[in-house]
Amino acid sequence: MDVTRILLSLLALLALALPGASLADDAAKIKLGYAKCAHCTPMSLTPQFAEGVAIDAVGFNTGTDALTALVSKNIDVAQVTYLHYAIALDKGFDVVAISGQVNGGSAMLLGNDLEVAPGDWSALKALIAKYKADGKPFRVAASRGNAQDIHMRGAFAKQGIDINKDVQFVNIPNPSDHLQALRRGEVELICTVEPFATQIMQAKAAKFFGFPYDQAAGKLTNLILTRSDVIASNPKALEGVVRAVVKVDAHIAADKPALIEVISKITGLDKAIATGAVENLDPDPKMYRPSALAIAAMMRDLKYINSDVTAAVEKNLDYRFLEAATGKPKTELGY
């Protein structure tokens, strides 16, 4: 009798447990990719802030790598930049923007031996002109395809510096390699991303020149993209992803130590570096339509893309997930 009672109790408990297990197994799954830069690393927190969706967050070296994984259908959602968005549309890829994330994170650094004060564009232009007159290349570097590249190009163009004629552009794809390039004297100026900018300055491998935000892109940086097939098949899961992004942004905006912790954990860099980096980061899930259109136009003017993608940029900004996640209309979300 006791054995029967015990068995019945176990069966009852099992019956209660099974529906919960089934629900967990049935939760929509989204594979999300993010880059390993300071303002990108908070995306690693999205799984713990997600509700109704199981997020598998995967780190990539660069946003370009994350975009490649998205368009090749290896992941469902990618944290990239407004720059990547325009490039993807220029190439005819199926990408849809569903949220912002964190902006800022760019800095221009100069070689220590160059006698140019921070923000002194007149002195920088004079130095570039001297290099040109002496028959020496003034080498400027960035990771081509990243936001820092377009920020720098736009800032240079606004100052009348032709990046194709006045200086020599050097592409260093992985931002973690920027420090050694400066130490080896391979470039005179670099526009890099946090936390590597702070790492370089704390290591005294270069000195600060300025933030490259005085151009059409402003300090807009990160954007969350998906594909139309994911929207068609899993809209509620994407809504869950955007809700998680909004929650993470609110979390790191209110708790800088938490942002410092995740930057240090994902990049492997010292917390002192992460602490310096957060001052140049701006958590913000909004998508800024007018600025996105200006970025697309600037990229075409700079011959970064070959076609006019402004219509596609506007058409493929899908605000429905942000509206659902925030309870606000798109007119209050950057539209």
Side-chain angles (χ1 to χ4, degrees), residues 33-44 59-67 78-87 100-110 140-156 163 169-183 186-187 189-203 205-215 217-224 252 259-260 262-284 295 299 304:
Y34 65 92
K36 294 178 182 177
C37 54
H39 45 312
C40 313
T41 56
M43 292 298 290
S44 67
F60 291 85
N61 283 331
T62 67
T64 300
D65 295 336
L67 177 63
Q79 168 273 308
V80 293
T81 68
Y82 282 81
L83 176 70
H84 291 107
Y85 178 49
I87 290 172
Q101 190 246 342
V102 177
N103 295 315
S106 302
M108 290 187 291
L109 310 178
L110 276 171
V140 303
S143 297
R144 184 169 178 83
N146 283 3
Q148 292 67 46
D149 188 10
I150 196 69
H151 285 170
M152 179 181 72
R153 289 170 187 266
F156 272 32
I163 202 162
F169 179 75
V170 179
N171 179 31
I172 305 175
N174 193 334
S176 64
D177 295 329
H178 291 178
L179 171 63
Q180 291 306 321
L182 284 161
R183 278 181 166 164
E186 294 173 357
V187 296
L189 180 148
I190 200 161
C191 190
T192 191
V193 65
E194 294 291 2
F196 304 106
T198 297
Q199 177 194 29
I200 289 165
M201 288 185 285
Q202 289 188 2
K207 58 187 179 182
F208 179 74
F209 175 71
F211 297 119
Y213 300 142
D214 186 20
Q215 34 69 36
K219 64 176 180 178
L220 286 188
T221 310
N222 285 358
L223 197 61
I224 308 301
I252 60 175
L259 178 54
I260 291 166
V262 72
I263 292 170
S264 181
K265 178 182 176 182
I266 300 298
T267 65
L269 296 174
D270 189 86
K271 283 189 178 179
I273 294 171
T275 300
V278 299
E279 298 306 317
N280 187 17
L281 306 180
D282 180 20
D284 185 357
I295 291 169
M299 288 173 67
Y304 212 105

If you round to the nearest 0.5 Å, how far is [atom2] of [Y] from [atom1] of [X]?
X: Leu269; Y: Ile260; atom1: CG; atom2: CD1; result: 13.0 Å
X: Gln148; Y: Ser143; atom1: CD; atom2: OG; result: 7.5 Å
X: Gln199; Y: Thr267; atom1: CD; atom2: OG1; result: 8.5 Å
X: Phe208; Y: Leu109; atom1: CZ; atom2: CG; result: 8.0 Å
X: Leu182; Y: Ile172; atom1: CG; atom2: CD1; result: 7.0 Å
X: Asn146; Y: Asn174; atom1: CG; atom2: CG; result: 9.5 Å

For [X] and [Y], which heavy atoms make the closest approach, and how far apart are they?
X: Cys37; Y: Pro195; value: C-CD, 4.1 Å
X: Leu179; Y: Ala203; value: CD1-CB, 4.2 Å
X: His84; Y: Gly63; value: NE2-C, 3.5 Å
X: Val80; Y: Ala66; value: CG1-CB, 4.3 Å
X: Ser44; Y: Val262; value: OG-CG2, 3.3 Å

**OP:** Show your working on side chain to side chain contact (heavy atoms under 4.5 Å, CB included) between Lys265 and Thr41 and close with a plain yes or no.
**Re:** CA-CA 9 Å; Lys265 178 182 176 182; Thr41 56; over 6 Å; no

Side-chain contact test, heavy atoms from C-beta onward, threshold under 4.5 Å: evaluate it for [X] versus [Y] and give yes or no.
X: Leu259; Y: Leu281; answer: yes
X: Phe156; Y: Leu189; answer: yes
X: Leu223; Y: Gln79; answer: no
X: Asn222; Y: Tyr34; answer: no
X: Ile87; Y: Met299; answer: yes
X: Thr221; Y: Tyr82; answer: no
X: His178; Y: Val187; answer: no
X: Pro175; Y: Thr62; answer: yes

Original post:
For Ile263 and Glu194, what are the C-alpha separation, side-chain angles and deciding distance, and is it a side chain to side chain contact (heavy atoms under 4.5 Å, CB included)?
Top reply: CA-CA 10 Å; Ile263 292 170; Glu194 294 291 2; over 6 Å; no

Original post:
For Asn103 and His39, what are the C-alpha separation, side-chain angles and deciding distance, and is it a side chain to side chain contact (heavy atoms under 4.5 Å, CB included)?
Top reply: CA-CA 7 Å; Asn103 295 315; His39 45 312; over 6 Å; no

Original post:
Within the side chain of Asp65, is there an N or O that forms a donor-acceptor pair under 3.5 Å with the backbone of Phe60?
Top reply: no

**OP:** Apply the ring-ring contact (aromatic ring centres under 6.0 Å, His included) test between His151 and each candidate in Tyr304, Tyr213, Phe211; give the one that qualifies.
**Re:** Tyr213

